[in-house]
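First the proteins, then the strands, lettered A, B, ... as listed; each starts at 1. FYI, side chains are in, hydrogens and waters are out, and symmetry mates aren't considered; it's all heavy atoms of this structure.
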Amino acid sequence: FQDQAEQFLRSGHTNNWAVLVCTSRFWFNYRHVANTLSVYRSVKRLGIPDSHIVLMLADDMACNPRNPKPATVFSHKNMELNVYGDDVEVDYRSYEVTVENFLRVLTGRIPPSTPRSKRLLSDDRSNILIYMTGHGGNGFLKFQDSEEITNVELADAFEQMWQKRRYNELLFIIDTCQGASMYERFYSPNIMALASSQVGEDSLSHQPDLGIGVHLMDRYTFYVLEFLEEIHPASQTNMNDLFQVCPKSLCVSTPGHRTDLFQRDPQNVLITDFFGSVRKVEITTEALSLDRDVAGSESKFPEEELATEPLKYAEQLPVAQIIHQKPKQKDWHPPGGFILGLWALIIMVFFKTYGIKHMKHVF
Amino acid sequence: MAAPFVLVVLVAVTVRAALYRSSLAVFIAERVEVASPLNAWKRVVEGLALLDLGVSPYSGAVFHETPLIIYLFHFLIEYAELVFMITDVLTAVALYLAIQDFNKVVFKKQKLLIELDKYAPDVAELIQTPMEMHYIPLKVALFYLLNPYTVISCVAKSTCAINNSVIAFFILATIKGSAFLSAVFLALATYQSLYPLTLFAPALLYLLQRQFIPIKLKSKSFWLYTMQYASLYLCSLVVIICLSFFLLNSWDFIPSVYGFILSVPDLTPNIGLFWYFFAEMFEHFSLFFVCVFQINVFFYTIPLAIKLKEHPVFFMFVQLAIISIFKSYPTVGDVALYMAFLPVWSHLYRFLRNIFILSCVLIFCSFLFPVLWHLWIYAGSANSNFYYAITLTFNIGQILLISDYFYAFLRREYYLTHGLHLTRQDGTEAMLVLK
């Protein structure tokens with residue numbers, strides 16, 4: 001029973017997804033892009049493949065004309081660590097990062113023409129990490145300097161995900177000013193949330209780089225990353241350690257977290273449950289044979305299938321008829337009374353002006 | 001002077017035909033300065049297509065033309081380009097004949113005042129001579145037909161050309177002295193776009209002058225004539241509106257046309273002043289400010305009527321200009337109409353103070369409109385403030401132009417009666433200042 005209980009308490013996920021969103025544009029918001037790319041790097045390092053990461057960057061810092069070191073995005077001053085590189089796959093870039101696209105990604109209500117790389121193809125056994133960074137306020141997060149997403153919208157999106165069985169467990173991390181307001185309204189089960197600051201506090205940036213000229217990282221994400229650098233795919237570090245990251249002395253703001261919606265005790269939740277893609281492997285010593293007999297058992301029902309008619313295209317007009325189709329005749333005509341009235345008026349005006357004697361010339 | 005006029009008409013028609021065939025036609029037709037929601041050709045075609053599908057064209061906020069335009073274009077839609085060219089030519093003809101008659105009236109009045117010794121002795125250089133007035137009608141027709149604004153308006157097939165034509169015929173009928181025709185055309189013009197209602201006052205003043213009825217509030221003949229003219233106007237307006245009802249058997253067109261003009265729901269940028277203001281306004285205040293802006297158009301009629309009661313045609317010019325500056329959806333076609341009148345006041349040139357700067361402002365703004373539109377909408381490096389700034393500058397230029405002409409006109413009148421060299425009581429030279 002102990003074994004079964006432990007199985008129950010272990011996370012039942014089979015795949016991991018990550019949705020990493022940077023919502024601000026313009027050069028001076030370099031740090032938000034660097035934040036997101038650092039988390040992307042960590043998450044990839046711990047095993048989540050690009051096909052399971054939806055990376056949304058609202059602006060291009062690496063190729064920004066103001067970047068003195070083109071094709072790089074640094075996350076440490078003195079340019080120690082370049083989080084950009086050859087293998088960064090940005091799924092939603094620039095103006096595609098909108099509230100609508102973000103919510104569509106989360107809820108899966110995407111037009112059929114969207115490529116796979118832009119979809120969150122999670123199922124009810126997926127653990128999803130959602131990381132958002134940018135400028136925010138009490139109850140909202142600003143996208144692209146022109147729109148916002150509110151905490152209520154986000155909570156409703158998560159509820160949609162829950163009802164559609166699009167996640168098993170969800171970890172929501174947000175690094176913005178007053179970030180805790182964004183997780184206040186969640187009401188769906190199995191969500192754990194972390195934020196960089198409480199309501200009424202601002203999240204501060206870490207260090208400017210004098211060569212690049214902007215702040216490179218935000219404090220909270222910087223310390224989260226230092227923490228994550230020590231994690232490897234086999235580590236047993238749990239969420240309680242993540243909650244201790246960045247105390248007020250280092251971060252100036254008070255990071256917050258919310259675990260009341262989460263079924264398991266954070267003590268038992270491994271960091272790699274969300275940040276890594278750790279497969280549960282069951283080693284077996286038995287041999288399985290994949291024979292024809294297995295396929296033969298399915299031959300019970302083919303007879304009914306053959307009875308259906310073969311499908312064919314609907315009858316079409318022959319091409320000649322299509323080409324020479326006359327334009328539709330105009331169906332509307334002004335009513336007779338109107339035409340009569342109008343011309344009677346015009347004639348009346350004419351004769352009133354020029355006198356009746358001109359009628360002699362008409363007839 | 002028929003031959004030069006015909007030549008001008010031919011040149012104008014050629015220019016328009018050439019532009020119709022070129023690739024610029026599509027580009028011009030989409031420009032917001034030329035096509036407003038009220039008179040865009042695209043909307044006319046859309047409305048007629050809706051009608052063919054059995055739907056009232058006024059359902060949905062696409063079509064804002066009057067039923068008579070529906071009737072006109074129902075049969076003429078394949079010849080649309082010809083229709084607009086003919087409309088422009090008709091407008092030019094109407095303006096030509098009107099100004100010819102007006103010149104005769106001016107000259108007669110001048111002669112009368114000289115014989116009555118009303119003019120000061122040293123104003124010989126200010127009096128208009130027939131020689132210099134001989135070419136004015138041709139110049140007016142030229143100004144209208146070859147004005148780039150008119151050409152562009154015609155190429156874009158904006159129904160502003162029809163509005164202008166009706167107003168031109170109204171002016172012709174007024175100057176010829178026929179109260180009945182003038183009332184009918186004014187009713188048509190008001191029916192088309194609400195604002196020519198303000199032209200009632202100058203037309204009335206002109207007709208009163210022509211009938212030699214003195215404009216005194218106590219005079220019975222004044223009120224009798226006013227009542228006659230007003231009743232003619234109102235009856236024709238009512239008849240036209242009732243006739244429009246019978247086209248589609250519904251009163252839908254009234255909120256679609258007049259409600260639209262008055263309540264300004266569509267805030268597409270244009271060269272006017274309404275869109276930016278109402279784009280930023282809270283709902284709570286929009287009714288108040290819509291009323292304020294609309295009253296602004298009608299507001300100048302009474303003071304101008306009091307000041308310019310001796311000069312109703314100039315009043316009409318100023319009123320036309322005020323309409324085209326302050327109306328809710330102005331286009332460059334409206335500007336072209338009152339600019340056509342500028343040659344009539346060419347004798348005021350010596351009194352105009354800012355004409356160089358104003359013409360520069362107007363020309364530069366006209367060139368900057370498409371540039372800043374491109375920067376705002378396509379390049380994304382400007383925003384609506386840039387475009388609105390040019391709109392503001394253009395309208396300020398127009399307002400200053402009109403007030404310059406107004407001041408020059410009044411100044412000339414003053415000089416005519418008080419002499420060209422004004423002296424103060426102590427004999428030194430005096431300056432005339434408009435208070």
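Around atom OH of B:Y79, no more than 12 heavy atoms belonging to other residues, nucleotides or ligands sit under 6.0 Å away. Taking a 6.0 Å sphere around CZ of B:R210, one finds it holds more than 12 heavy atoms contributed by other residues, nucleotides or ligands. By the neighbour-count criterion of 12 heavy atoms within 6.0 Å, atom CZ of A:R119 is densely surrounded, having more than that number from other residues, nucleotides or ligands.
Partners of B:Y229 under the side-chain hydrogen bond (donor to acceptor under 3.5 Å, both in side chains) rule, at least two apart in sequence or in another chain, are B:S182. Applying the side-chain hydrogen bond (donor to acceptor under 3.5 Å, both in side chains) rule to A:S181 yields no partners; only residues at least two apart in sequence or on another chain are considered.
Contacts of B:L181 with chain A are made by side-chain atoms alone, with heavy-atom separations under 4.5 Å and no backbone atom involved.
Along residues 62-71 of chain B, the residues that come nearer than 4.5 angstrom to chain A, judged on non-hydrogen atoms, are B:L68, B:I70, B:Y71 in order of number.
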Which pairs of donor and acceptor atoms, one on a side chain in residues 242-249 of chain B, lie under 3.5 Å apart (sequence neighbours left out)?
{"unit_1": "B:S244", "atom_1": "OG", "unit_2": "B:Y191", "atom_2": "OH", "d": "2.6"}
{"unit_1": "B:S244", "atom_1": "OG", "unit_2": "B:I240", "atom_2": "O", "d": "2.7"}

